[in-house]
Amino acid sequence: MHAKSLDSLCIYYLWRFKSNEAMEYDFRKIEKEWREFWAENKTFKAEDFSDKPKYYVLDMFPYPSGAGLHVGHPLGYIASDIFARYKRLQGYNVLHPMGYDSFGLPAEQYAIQTGQHPEKTTKENIARYRGQMDKIGFSFDWDREVRTSSPEYYKWTQWIFKQLFDCWYDKDADKAARIAELVATFEAQGNANVNAEHDFEGTFTAEEWKAMSEKEQSSVLMSYRLTYLADSWVNWCPALGTVLANDEVVNGVSERGGHPVEQKLMRQWSMRIKAYAERLLTGLETIDWTDSIKDQQRNWIGKSQGASVRFKVDFDSAQSTDHEIEVFTTRPDTIFGVSFMVLAPEHPLVDQITTEEFAADVAEYKRQASLKSERDRQSDVKNITGQNTGAFAVHPFTGEKVQIWIGDYVLASYGTGAVMAVPCGDQRDWDFAKHFGIEIINIFEDIDISEGAYAEKDAMIANSDFLNGLPAKKAIKTAIHEIEKRGFGKGKTQYRLRDAVFSRQRYWGEPFPVYYKDEVPHLVPDEDLPITLPEVDKYLPTEDGEPPLARADKSAWNYQKGDRMEFNTMPGWAGSSWYFLRYMDPDNQSEFVAKEKVDYWQNVDLYIGGSEHATGHLLYARFWTKFLYDLGYIPFEEPFQKMINQGMILGRSSIIYRVSIDMKVDEKRVDSGSQLKPVFVSLRRKDSFTKEDYIRYLSKHYNDYPFSTDMLIGEIDFTPIHVDISFVENDVLDTEACRHWRPEFAYAIFAPEDDGKFLCGHEVEKMSKSKYNVQTPDDLCDDFGADTLRMYEMFLGPLEQSKPWDTKGINGVHNFLRKLWRLFHDKNNEVSLDEGTPSKDALKTLHKTIKKVGDDLERFSFNTGVSNFMICVNELTDQKCNNKHILEQLTILISPYAPHIAEELWVRLGNQAGTISYAKFPEFNEEHLVESSHEYPISFNGKMRFKLEFPLDMSKDQIEKEVLANENAQKWLEGKDPKKVIVVPGKIVNVVI
RNA sequence: GCGGGUGUGGUGAAAUUGGUAGACACGCUAGACUUAGGAUCUAGUGCCGCGAGGCGUGGGGGUUCGACUCCCUCCACCCGCACCA
């Protein structure tokens, strides 16, 4: 419109005014008014206690980044909002909150670059997010908003940390218990009979315990606490200056930024999540998540069952004696197939058992292995390396001596860092044995292992003493039984899940409620929480490599006991592991959540978010939930009962094609083709575009220069170039806008289609700034309205599927809402309703829609819901229906999807403002759909040929007779007798010829 | 390699228990009303064929009166895991 003259503007508005177009469905006015109404009246405030049943709908809360929301973010929020509104209509007391996961790296990186406090940028970003979300008309109860970075919130994150510190895992009771209980046990009987998840080595008596100093006792207890300080191998990312959790490292580089990660031994806080491995696994069976996410978690936890077996190191061969190598195996049934042992190069026994003869080689191998990064070791799988130690182990059953090797295919960090090698049953062992010429013993009956190992569990065991003739499954049990009986091992379950590192060397995160006295950590008492973030001069590590918090003066902290505070901060997942609980009671000053409130609200009924948090947030939140359950603070063990993972919305980039060909021209004029005005060719002309065409276009724009095809060298090629999608509509490029966009297009020559339009190609890819394909919801809200955006995002396809964003269809949805509006209004945009009895047809349309839309909501099929509304409005328009009863019901039905227009129409129908959100969801009455006859599709050999209408109460025989008598049927029978006629009453007739 | 998912017109898709494949929408074609349009209405639009008709849900096979739907097998793409003993 900006390009139009003043004159034309006047005519434009005159026309709009005259035709009343401007007054029709004025979404800008309607949506603004209703949003204000909802905010003022707190329409969506959830009551903490109610006679109504509760329903908790939660979205994964966003990290408020500087880029704002793009159209992919609201997809899940819209779906959950529709569902929340639906549940309100069904009479539920709905908890539907929103907040911000506002601690995190990007704000801190920005702070480092600009010196601005991350709190400032975080607040600005939150304001932007809030503004964007408000535009879409979500029914959030904003009074419950939480921000993980606010001290009122992280006070309780710190408090939960303290509870974890104050607990240990009692394996007998299979739950967390207070440390005081453990101390009492130690005082009474030492640690010998304590069955705990721990990493304390050795035993002590009650007397020995009592004799320990406070520092010694503290150190022992650390090995039992559910969060503990320990020197552990961590993923250190030098570029980010911090450690990362396993789930934050992907293929050996950091998930954020892709920086290299190395292993480093550091004193860090860790979470003893291992204690919950089994419950995290079994709990999956009680929740309604996708198999994909459950499998990812199962995989991450990595349970394997088998036996741990101790092999004695042979007395004569080893340098020192009395050593045992403990291995874990899932196939104890193959123990007679062991022909060597392999230790990880880092295994602590390596140096002690290596013979003099091999010492130099072993040292060299270890050195080389240590140089390889985790990543190299992972990618270099095919290259078989290893080194004999010269030592031998004694086979516990046969007493035979087997060689002990080291090899980097054995991981120090899994199991015991040592394996018993069974080359006949394990391909890696087989490869290793072949490569180094070690004996391969076959212990399977009638199995050929000359070409490779046999890893299946369906063979009979042979050559194995007491296991002979047993199938694998039985043999495993028998072997474990025998191993335990003879006392050199026992059945064991091993988990791949590691304890989670909980310290980050960053500024913008929760401070620990911990201070140190003589390097012994102490907890800050509850009454002094929260420990707030101190001010620092820079957000960088100190010169000594201490975390940024070490820059803070003692006086800058709001707590000053001991020698110093903890300088690390908590990781991003700390705050997000329990935020769903705080929404229930966001302002509570004395508890993280009141017991009565969590007893009422219980866990999240429906959780919607991306699947990318499968092994991070979703696992940690389950862990903390189980822990809080163990302590009796909350009444459930799983935080998120049902989860839906929305698909990613991909961008649709627009691409134009630049002619690329070398050209020889007069040096005075231009040196090469690249300095000529670029020529862009419309999509459909691309394939037929010739050198002559190119020359023609050039000549037209350089009147005075004699171009000819002789100057062209080689063949014409096209370079695809991304253009900003804001200049493109329905793949047609606004070439003038494009010229003004960037200098390189200013003098471009565009070769359009025959109709003068310039068509772009397109590419479906992730939305990104550099591809000029980012769509923000803001523009669409302004242009079409929030209701259109909401319905369109749903209309795009199934929620779980990832799909390209394409605004082409948005007009269709917008027009649908206009059509809906017209049902209620006459030509002058006055409300016009028939208050009489609805027609049979209208009732049928309505109830068909009630049924379908209701079913669609129940199975989260939001896209078909929109289609059904369209069908309904199309039918009612055809029927010229403006019946008040029908339209009122339809308005309620559509209100979860398009709440603004529904509110407006609701009032126009004569109802009280704001009451539609708590109206009653229309009840389906089958009576209106009852038909007396059915139009039967008549098929021949399964192919539908024509239709015939018969009464529904007509008998099968009668229908068969009628069908065969029909002249149309005679044609298809071609005079033959049908072999069989299938009549399915109310469905179909199939004639078999 | 293992696990999960997807595959249907020019496009996004629908088909809920095996029963009319392509609803709904975009786009496109023709027309009406208009004539500076993000408007409305009518008709058409899976492919091949003038037509009768034939073909058609990634490919091949099977079960069935009847298969997008169930079974076997192969292929392509996406996601996750990957020396886990």
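Labels below follow one simple rule: chain letters A, B, ... track the order of the sequence lines, proteins then strands, and each chain is numbered from 1.
Distances from the side chain of A:Leu411 to the nucleotides B:A13, B:C41, B:C84 place B:C84 closest. In this structure, the nucleotide among B:A14, B:C24, B:U20 sitting nearest to the side chain of A:Pro798 is B:A14. Each of B:A85, B:A13, B:G80 was ranked by its minimum atom distance to the side chain of A:Ser304; first place goes to B:A85. Which of B:G53, B:G80, B:U16 sits closest to the side chain of A:Gln296 comes down to B:G80. Nearest nucleotide to the A:Lys980 side chain, out of B:A13, B:A39, B:C65: B:C65. Side-chain atoms of A:Arg822 lie closest to B:C41 of the nucleotides B:C41, B:G12, B:C65. Among the nucleotides B:C41, B:G4, B:C83, the one closest to the side chain of A:Arg428 is B:C83. Relative to the side chain of A:Trp972, the nucleotides B:C65, B:G53, B:A85 differ in distance, and B:G53 lies closest. Across B:C65, B:A85, B:G54, the shortest atom-to-atom separation from the side chain of A:Arg945 is found for B:G54. Of the candidate nucleotides B:A85, B:U16, B:A25, B:U16 has the atom lying nearest to any side-chain atom of A:Asp856.
Note on A:Gln427: nothing from the nucleic acid sits closer than 4.0 angstrom, heavy atoms only. A:Lys303 comes within contact range of no nucleotide atom at all, as no heavy-atom separation falls under 4.0 Å. Among the atoms of the strands shown, base atoms are found under 4.0 Å from some heavy atom of A:Val984. The residue A:Asp806 sits apart from the nucleic acid: no heavy atom pair falls under 4.0 Å. Counting non-hydrogen atoms under 4.0 angstrom, A:Asn868 reaches nothing in the nucleic acid. Within the nucleic acid shown, A:Leu796 comes within 4.0 Å of sugar-phosphate atoms alone, with no base atom in reach, counting heavy atoms only. At the heavy-atom level, A:Lys947 lies under 4.0 Å from base atoms of the strands shown.
For the P atom pair drawn from B:C2 and B:U73, the interatomic distance equals 13 Å after rounding to whole Å. On the P atoms, B:G58 is 16 Å away from B:G22, given to the nearest whole Å. Rounded to whole Å, the separation between the C1' atoms of B:C74 and B:A14 comes to 28 Å. Remark: the separation of the C1' atoms in B:C65 and B:U20 is 16 Å, to the nearest Å.
Side-chain atoms of A:Lys808 stay outside donor-acceptor range of the base of B:U11, with no qualifying N/O pair under 3.5 Å. In this model, no side-chain donor or acceptor of A:Asn299 finds a partner on the base of B:C81 within 3.5 Å.
Using a 4.0 Å cut-off between charged side-chain N and carboxylate O, A:Arg310 and A:Glu324 make a salt bridge. The existence of a salt bridge linking A:Arg428 and A:Asp431 is excluded, since no basic side-chain nitrogen approaches an acidic carboxylate oxygen closer than 4.0 Å.
Base orientation of B:G10: anti, the glycosidic angle falling outside 90° of 0.
In plain terms, the two heavy atoms of A:Met791 and A:Ala898 that are nearest each other are SD-CB, 4.2 Å.
Comparing A:Lys819 and A:Lys852, the nucleotide of RNA chain B nearest to each residue sits closer to the 5' end for A:Lys852. Taking the nucleotide of RNA chain B with the nearest heavy atom to each of A:Ser861 and A:Ser611, the more 5' of the two is matched to A:Ser861.
Judged by distance alone, the side chain of A:His847 and the main-chain N or O of A:Leu929 form no donor-acceptor pair under 3.5 Å.
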| message | I'd like to know whether A:Lys848 forms a salt bridge (Lys or Arg N to Asp or Glu O under 4.0 Å) with A:Glu875, so could you lay out the CA-CA distance, the side-chain angles of the two residues, the decisive distance to 0.1 Å, and finally the verdict. | response | CA-CA 11 Å; A:Lys848 192 175 72 183; A:Glu875 286 183 12; 2.8 Å; yes
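Between A:Asn645 and B:C79 there is no side-chain N or O to OP1 or OP2 distance below 4.0 Å.
In this pair, A:Phe432 and A:Phe436 present their aromatic rings tilted. The plane angle is within the 30 to 60° band.
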